[in-house]
Every structure is written in C-alpha cells, then in structure tokens.
Amino acid sequence: MTETYQPHAIELKWQKRWEDSQLYRSKVDWSRPKHYALTMLPYPSGDLHIGHWFAMTPSDARARWMRMKGYNVLFPMGFDAFGLPAEQAAISRNIHPWKWTYANIERMREQLRSMGAMFDWEREAISCTPEYYQWSEWFFKQFYEHGVAYRGSALVNWSESLQTVLANEQVIDGKDERTGQPVAQKLMEQWFFRITQYADELLNFAPLDWPESIKIMQTNWIGKSEGARAAFHTEQGGHAIEIYTTRPDTLWGATFMVLAPEHDLVEKITTGDQRAEVAAYIENAARATEIERMIEDREKTGVFTGAYAVNPVNDERVPIWIADYVMITYGTGAIMAVPAHDQRDFEFARAHNLPVRVVIQPDAADEPLRGDTMSAAYDGPGVMVNSDAMNGSQSTTAKGRKNPAISRVIDWLEATGKGEEAVNYRLRDWLISRQRYWGGPIPMIFDGDEIVPVPDEDLPVVLPEDVDFVPTGRSPLTYHEPFFKVDETRRRETDTLDTFMCSSWYQLRYLSPDCHSAPFDAEEAAYWLPVDVYTGGAEHAVMHLLYTRFFTKALRDIGVFDDAAAAMRRHGRAPDGVFDEPMTVLRNQGQVLGGERQGDFVLCGGRRVGERLLADRVEVVDWNQVPAGFDGVFGELAHRTENVLHVDMAGITQFVDVQPDARIIIPDIPGENNVNQLRHHLDIQRMSKSKGNVVNPDELVERYGADVVRCYLMFNFDWQKGGPWNENNIKGPQGWLHDLWEIALAGAPDVRGDPTAERDIERKLHQTIAVINRGLEEFSFNTAIAEQMKFKNALKAALRAGAIGAEAWRSVMNRLIRLLAPFAPHIAEEIWARLGWEFSVHTQPWPEYDAEAAREEMVDLVVMINGKPRETIGVDVDITRERAQELALASGAAQRSLAGNPPKRAIFIPGRNGTDPKVNIVV
RNA sequence: GAGGAAGUGGCGGAAUUGGCAGACGCGCAUGACUUAGGAUCAUGUCUCUUAUGAGGUGAGGGUUCGAGUCCCUCCUUCCUCACCA
C-alpha cells in the first residue's frame with residue numbers, strides 16, 4: 001500500500017520552501033533571454049474570487065513553462081488599491097480606507113500564495129502607497145509640463161449618485177458603469193490628458209499580437225471618420241457654424257441645420273419670438289437623462305430657432321433648428337441636415353415639414369427619386385445632381401477620399417476656401433480628475449488665477465489620514481484645511497487622480513518597486529521591457545488597455561525611457577520600438593460562470609405503481625402552468641438518471657419511470673423528443689452573491705488542494721472562452737493527479753521490461769511533449785492536460801502489463817514530472833523529491849521534444865471512398881504514394897465500391913504531423 | 001441600428017487550421033470486488049441498422065477528390081458600441 005495523496009501538508013511545505021529559498025526571485029541577467037509575463041493585478045476587494053484563480057493560475061503555468069524552457073522569467077503581482085469601494089467601506093462601516101485596504105491586501109496575499117504561483121513578491125507594487133503614487137503624481141507633472149495634461153472646461157459626465165465626474169469610458173448606456181445610475185452632462189473645469197493627440201498612433205496595431213476583438217473594440221472606440229469641415233454663417237450677425245460631415249458630396253442637399261441644444265450659439269441666434277420655445281426645449285433636454293434621449297425609434301423632437309444660415313456651397317438660405325438627436329459631444333455639435341440622404345435627418349424633416357431635396361440619384365433606378373415621395377433616406381451609390389458644378393460626379397459606397405464624388409467635392413471646397421478635408425474622432429480627451437478622497441492627489445496648486453505644479457522635491461503630495469468621511473457630496477479633502485491650504489493665498493487641488501491612471505504604468509513599477517530616485521530603474525527597464533505576454537479580462541478592452549497604451553507612448557515622447565534606451569545600447573541591444581507599446585502579446589481569459597440549478601418544469605402522466613409513476617407522457621411546460629385537475633406528477637426536474645426522473649413537487653421528490661414508448665413533448669425542440677433531452681439544469685449565469693452561486697476558492701483548496709483546483713480550471717474550460725462552473729468535473733483532474741501519485745510512489749517496477757513496449761512509451765512521451773508545447777504556446781491549457789492524462793493512461797496500462805523495466809521507468813518519470821511541474825507545482829515537487837532528484841523540479845530544463853523519437857513506425861492508411869473513410873490498413877510510415885494507392889485500390893472497400901470499374905481518381909494525402917496517410921478513391 | 005464572437009453527444013469540451021468528427025474528462029450502463037458505497041477496478045457509451053451498412057457538427061444552398069472548418073442566405077445565443085452627422 002502506498003501512502004495516499006494528501007495535498008495539504010505537501011502544498012504548505014513547498015510554498016514555504018520556495019519562499020525561503022527565493023526560488024522565484026527574478027534578477028536581470030543579460031546573458032539570458034528574458035520573458036516578462038504579466039497578469040492583471042487585482043483590486044483588493046478583500047476576497048480572492050474563483051475568477052482570479054482562473055485568470056492567474058494558467059498564466060502561472062505558462063510562465064513556469066517559459067522558465068523551464070530557459071527564459072529568465074519575471075512574473076510579478078501587486079494591487080490596484082485606490083478606488084471607490086474603500087471609501088464606501090469607510091462611510092458605511094466607519095473603517096479608514098487605509099486600514100480596510102491593507103487588511104484586504106494582507107488577506108489576499110495569503111490567498112494568492114495558496115495558488116502556488118511563481119510570483120516574485122519582492123517586486124510587489126501597491127498603487128495606494130506614497131512610494132507608488134509619488135510617481136503617479138510625478139507623471140502627471142511631466143504630462144502637464146509637456147502639454148499632455150491640461151485643465152479645461154468641458155461638458156463632463158457627472159454622476160449624481162457617486163458625486164464625481166467620470167471618464168467617457170466609465171459611462172455605459174448613459175449610466176455610470178459602477179452603480180447603474182444615470183449620468184448627467186455638466187460643464188465643469190477639470191484635468192484632462194490629451195489622448196486624442198495619439199488617436200492615430202493608437203489605431204496602429206501592427207506591432208501587437210492582441211485578440212482581434214480587442215483591436216476592433218479599440219478601433220471603434222477611437223472612431224476615426226473621414227470627411228470635411230465647412231462653416232455655414234448665420235444670416236443675422238454672421239456667426240460661423242462649423243459643421244463636420246462624412247458626406248460632403250451631399251452638401252447641396254442640406255435643407256436645414258440642426259444644433260445640439262447645448263451648443264453655445266443657440267443663445268446668440270435665437271430670435272425673439274422663438275426664445276420661449278427654445279428655452280423650454282433646452283431645459284427639457286437638460287433634464288432628460290442620456291438614457292431617455294437614446295430611446296430607440298423615439299420621435300425626433302426639436303424646435304426652430306427663428307434664425308437662418310447660408311449654405312456656403314450654393315448660398316441657399318436654410319433654417320436653423322435645435323434638436324437633441326444632435327450630440328454636443330460628437331463632431332462640432334452642429335450638423336447640416338440632408339434629409340434625402342440621412343435617415344435621421346429624413347425623419348426629422350418629415351416630422352417638421354421641412355423640404356427634402358435629392359442630390360444623389362441612384363444609377364439604375366426605373367424612376368428618379370423624388371424628395372416629396374421618398375419613404376426613407378437614400379444612402380446608396382449614385383450620381384450627383386442638383387449640385388451645380390459637381391453634377392455628374394459618381395458617388396460610391398466608399399468612404400472618404402476613396403469615394404470619387406467626395407474626393408472631388410473636397411478638392412473643390414479647398415480650392416474655393418469654403419471648407420477643408422477633415423478627420424474626426426469619437427475619442428475624447430481622458431478626463432482624469434475625480435472628486436473623491438481615495439486616489440492619488442493631483443500635485444497642483446492654485447495661486448490666485450495661476451496654477452502651478454508642486455515642486456518635485458515636495459512630492460509626493462501625501463493623502464492625509466485624518467479626514468472626515470461624512471458623505472456630503474464633495475471629496476473629504478475639500479474640508480481638510482491642513483491639506484488644501486498651502487498658505488494664505490495658495491490652495492491645493494483637492495481632486496484626485498482617476499485610478500486608471502495608477503494602473504496605466506504599474507508594469508513599470510514592478511521593475512523596481514523600491515526605487516526612490518525614479519519611477520523605475522533604467523537598467524531593469526532596459527532588460528525587461530516590454531511585457532511579453534499580458535493576460536486578463538476582456539472587460540478592460542477600451543479602458544485600461546487603451547489608457548496604458550497611450551501612457552506608454554506619452555512617456556516615450558516625453559523622454560522617460562531615454563535612460564533605459566541608453567542602457568539597452570550599452571548592452572548591445574537596439575531599443576527601436578521597444579517603448580512604443582506596453583504589452584506585445586495579449587490574451588483574454590473568459591469568465592467562469594455560476595451554474596444555477598433550475599430544471600425544466602414537467603408534467604408527467606401515466607399510471608402509479610406504489611411510490612412511482614410509470615409515465616407514458618412527459619411534457620415540458622412554462623413555469624407553473626399546470627392544467628386544473630391534472631393528477632400526474634408535476635414540478636421542477638431536479639435530476640435524471642437515464643429514464644428515471646426526480647421531480648421536485650412542492651419540495652417533495654417524486655420518482656417517475658419514463659416508459660420506453662412514452663411521448664416526450666418539449667416545445668422548444670421540434671420533432672420527436674427523447675428522455676435524454678430533458679434538462680435538469682439550465683440558465684447558466686454570472687456568479688453573484690445574490691444568486692448564491694459564488695464559488696469560494698479557499699474552500700476548494702481546503703477540499704481538493706491547490707494543484708487539483710489549478711488543473712481543474714485549466715482542464716475543464718476553453719480558457720479564452722470560460723464557461724459554467726460544474727464541480728462534478730473536478731473528479732477528472734483529481735483522479736489524474738491521484739494516479740500519478742500512486743504510479744510514482746509505487747516505485748520502479750521490479751521487472752525486466754519489454755523493449756517494444758518501452759519504445760512505445762518513449763514514443764508516446766515525445767508525442768505528449770509536442771502537444772503540451774503547442775497547448776501552452778497557444779493558451780490551450782485543456783488540451784495540454786488532456787494529453788498528459790492520455791499519456792498517464794498509456795503508462796498505467798503498460799505498467800500493469802509489467803512491460804516497463806526500472807531503468808525505463810525512472811527515465812520516463814523524470815521527464816513526466818517535469819512536464820507536470822507547470823500545471824501542478826506542489827505535487828510535482830513532492831514526487832520529484834521522493835524519487836530522489838535534486839531540488840527543485842521548477843529549475844529543471846523542460847524535456848526536449850525529439851521528432852525522430854516521436855515518429856510512429858506503423859500507421860493506419862485510411863481508405864476513403866468519395867471522401868468518406870471506409871477502411872484502414874496498417875502500413876509502414878514511409879509508404880510511397882504508389883504503394884498506398886495500390887493497397888487502397890486493392891482493399892475490400894474499394895473493390896466493393898468499384899465493382900470492377902476503374903476509379904475516376906485516387907488521391908493520396910500523405911500523413912503529416914502525426915496524422916495518418918489517406919487515399920481518397922473517387923468512383 | 002452598427003460592429004464582433006459563437007452554435008459540435010446527456011454535460012464540459014477536442015479536432016494538428018481543408019484530410020478517420022466526438023480526443024481527454026464528467027455523467028451514465030453492464031460486470032467484478034465489497035456488509036455497504038456517492039470507494040476502487042474492468043468493459044462499453046453519436047444515431048439508426050441484423051453482422052454488413054447508412055446517416056450525422058443550428059437550417060438551407062454552394063466551392064472541393066474531400067467541409068465542423070472556406071463562400072452565400074437564414075435562424076439562435078452572447079459581447080461591445082449606439083441618433084457618430
């Protein structure tokens with residue numbers, strides 16, 4: 001009897017030993033290739049979620065693999081520790097944000113340690129410490145001094161519920177993404193970063209190996225469009241109304257103009273008799289939340305200002321309206337309205353009896369379009385009409401200069417000085433001030449009308465601890481006189497930095513968290529940057545991941561990386577492009593969802609025999625729709641074992657035997673249904689405390705051990721997709737590790753071994769190495785583990801047959817345990833030690849894959865008839881085309897199909913990469 | 001409305017990227033061992049069919065010697081953005 005596998009003692013023992021021996025400390029070593037693996041740092045909410053395990057432990061396995069492959073790997077961890085929850089805990093539970101945050105960090109560090117990950121804790125960075133935010137402040141100053149940061153007055157997203165402004169990216173559907181409460185537009189003086197200046201460079205994803213979906217989301221977010229700018233002038237007063245359009249070829253079709261209600265010209269141009277109506281409309285629009293303004297198919301409302309403008313291209317007089325379908329935040333906040341060729345303008349024109357003039361006539365229309373009879377705007381291709389000198393130009397569906405009509409009009413506008421080519425972005429500058437306490441102070445001082453930065457020697461501006469957290473709707477710092485009062489005339493900025501600013505550069509602080517003279521050590525940066533592989537959730541697609549790219553580019557342009565570039569050159573490496581992007585490769589993990597147990601609601605009819613119902617009819621119905629007088633069994637299907645249903649009937653389990661010929665009716669699934677299609681759980685949902693389906697990783701570790709939990713998470717999901725939690729499946733990885741344990745502890749077999757079987761195991765081991773390599777390379781952790789399980793099954797069978805001798809056993813085990821090490825680091829280390837090999841398995845080289853050793857001698861030749869596999873013939877791996885075709889044509893399947901006729905073709909598909917050769921015979 | 005991802009057994013998911021669909025695991029079935037089993041071991045497990053054989057990756061069409069994979073149309077689900085001028 002071997003000792004049973006007891007994960008606990010083993011895991012704690014090795015975690016301590018690894019820490020004591022500094023196994024995971026990463027040091028700069030210019031003689032070795034580096035690999036900077038980074039996984040998104042957690043917010044210290046107080047408890048590690050299973051999602052953290054799902055994100056981090058596969059990343060850890062990959063980092064470990066890189067390390068064994070010979071890379072000098074940096075895999076750091078830290079905490080994104082500023083943010084609202086700490087402040088809310090302070091208010092609701094009367095505990096100071098420092099205390100709350102640090103207690104949470106203490107706890108989460110322990111939880112993180114229980115993963116057995118190779119985090120280098122000496123490089124830990126915590127964004128809320130003065131040592132850290134000193135440099136957030138310093139970066140702010142650098143940005144300010146280089147014109148990247150500026151103070152501006154702008155319409156900003158004001159969250160009434162949070163009493164703070166929010167970045168555009170934090171507003172979803174007109175609601176604050178945290179609380180789901182409506183956000184209003186408010187004109188405020190705030191600090192901004194000029195991210196828009198980098199819009200074009202941010203659109204260049206060529207240097208990045210990132211998921212397509214993230215690149216598309218960022219591209220859409222930046223929202224670059226090409227078109228033209230032109231100014232219409234008001235008839236009275238000659239005010240210029242700037243408009244931006246992507247369709248300058250329709251300029252001659254502008255029959256009115258629309259300004260956003262917030263547009264600052266509205267006040268100036270509105271005529272006396274329209275004043276009351278306009279004022280009422282503006283007030284209404286301001287009160288309406290963005291949500292109300294965005295309701296689909298909403299009638300297009302608006303009012304006439306009484307003013308007219310002159311269309312610069314044809315000097316036509318057009319009325320100026322205001323309407324809330326024009327957004328102040330996009331373009332110039334004003335549009336030329338071309339109802340014939342823009343659906344929104346069309347709807348507005350029809351609602352308010354405004355003229356519609358066709359200026360693009362479809363080429364192949366039977367009858368020309370007419371503005372008074374058309375039922376929808378026409379935005380297809382055609383030829384320009386009613387457009388003076390431009391008539392006859394071809395307008396295609398292409399955008400910008402690629403459209404001949406647009407290109408021609410732009411040239412004309414520029415030649416006549418009536419307008420110019422222009423690009424427009426949806427992206428707005430990054431609003432970074434927050435009216436909150438728990439964030440990095442903005443290091444600026446108001447001195448009368450002047451704003452000056454805090455001198456470098458006075459950094460960091462330290463966040464005071466003795467503040468009052470009574471919620472008043474303003475940051476507690478605004479009441480803290482010792483903080484804001486510099487002297488009689490000077491006052492400190494009391495707004496704090498958006499936490500996304502702190503997380504935009506943490507990958508740099510990890511390089512040297514104790515560096516006092518600079519945000520990071522140049523030598524470290526020269527060696528480690530950029531991050532080679534970044535893993536984390538896709539929810540950061542347009543916030544963190546866009547900000548950190550911008551941040552890196554801005555720092556590069558300011559010269560923050562100059563010393564690091566010089567250091568690279570000293571070491572003989574070219575710094576070209578190294579500091580352009582923060583993370584070269586990005587992979588997103590999916591989300592682990594909670595499995596909610598809610599079954600089909602079934603009605604079962606039949607005859608009763610004792611306690612059981614022998615059902616001849618089972619119908620799935622809508623929840624609780626039981627016909628009156630129904631005397632069978634009905635309720636939620638709680639469980640099904642083959643044809644036996646456990647039906648939960650008002651809390652009591654009823655057993656139903658479904659008869660073989662029973663009718664099963666499932667309305668969602670048409671046609672014949674069988675008992676297997678009855679679902680006893682569905683409706684998979686996001687984990688949340690209110691649903692009671694949260695999985696606690698600590699409990700799992702307690703029950704199964706960290707290695708089993710790691711392997712379960714890697715094995716049972718497509719990592720990049722995620723999926724529903726189903727703990728039943730944990731038995732798979734558990735049994736696998738258990739078997740490996742038993743095989744290892746049983747020791748080397750006392751048999752001579754069979755050379756053929758030993759060679760076969762050796763071959764399978766090499767094949768396994770290839771699949772694991774590929775799996776880890778491509779973040780396909782499930783297939784990597786599946787292949788290991790497969791090998792274990794083969795090894796177990798060979799051992800049981802007594803076919804493996806002691807020497808072969810030791811040789812196989814030595815490599816097998818190394819292959820296991822990245823996935824299950826503790827058990828691998830324990831077995832490694834027990835088999836008498838030197839500490840640590842994690843510093844061993846990764847087993848070499850030898851293609852020659854993996855090569856099969858015999859393979860199956862697949863005989864296909866018209867593309868369908870019909871027969872296999874065992875053949876030599878080196879079989880020639882001619883011989884394979886000969887064998888295939890002689891096979892029984894071919895003889896039967898051909899029936900004496902010659903084949904039309906016989907196509908030989910050689911076996912490559914371990915696939916079997918095939919011959920497809922076309923009859 | 002725009003853009004994107006996906007749809008494969010009872011379930012989680014594989015398929016070397018156009019070459020034997022369902023690897024690996026869960027569940028389930030049968031058997032063994034057991035006082036017992038929600039333990040362990042063995043065997044089986046896409047569907048129909050008598051072995052042979054035939055069909056099968058949301059539906060329908062197409063390209064190809066060959067399609068889960070590529071193209072077109074449609075259906076469903078999820079995600080992102082959303083009156084973007």
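Here is the naming used below: chain letters follow the sequence lines, and residue numbers restart at 1 for every chain.
Residues A:Phe715 and A:Trp736 keep their aromatic ring centres 6.0 Å or farther apart. Aromatic ring centres of A:Tyr704 and A:Tyr712: separated by at least 6.0 Å.
Phosphate contact (OP1/OP2 of B:C65, side-chain N/O of A:Arg905, threshold under 4.0 Å): present. Between B:A85 and A:Tyr330, a contact under 4.0 Å exists linking OP1 or OP2 to a side-chain N or O. For A:Arg800, a side-chain nitrogen or oxygen approaches OP1 or OP2 of B:A42 to under 4.0 Å. For the OP1/OP2 pair of B:A54 and a distance below 4.0 Å, the side-chain nitrogens and oxygens of A:Arg870 include at least one atom meeting the criterion.
Every residue two or more places apart in sequence or in another chain that forms a side-chain hydrogen bond (donor to acceptor under 3.5 Å, both in side chains) with A:Arg344 is listed here: A:Asp342.
Residue-to-nucleotide contacts include no donor-acceptor pair under 3.5 Å from the side chain of A:Lys904 to the base of B:C65.
Residue A:Asn793 places its side chain closer to B:C24 than to any other of B:A85, B:G19, B:C24.
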Hey, what are the protein-to-nucleotides 21-23 of chain B N/O distances that come in under 3.5 Å?
| unit_1 | atom_1 | unit_2 | atom_2 | d |
| --- | --- | --- | --- | --- |
| B:A23 | O2' | A:Lys790 | NZ | 3.1 |

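Heavy atoms of A:Asn920 sit under 4.0 angstrom from at least one base atom. A:Lys796 comes within 4.0 angstrom of sugar-phosphate atoms only, judged by non-hydrogen atoms across all strands, and of no base. Across all strands, A:Gly722 comes closer than 4.0 Å only to sugar-phosphate atoms, never to a base (heavy-atom distances).
Here the C1' atom of nucleotide B:U80 and the CE atom of A:Met217 are 5 Å apart, to the nearest Å.
Of the possible donor and acceptor atoms, none in the side chain of A:His341 sits under 3.5 Å from a partner among the backbone N and O of A:Asp379.
For the pair A:Arg710 and A:Trp53, the cation-pi criterion (under 6.0 Å, within 45° of the ring axis) is not fulfilled.
Distance noted for atom C1' between B:G68 and B:C84: 38 Å (whole Å).
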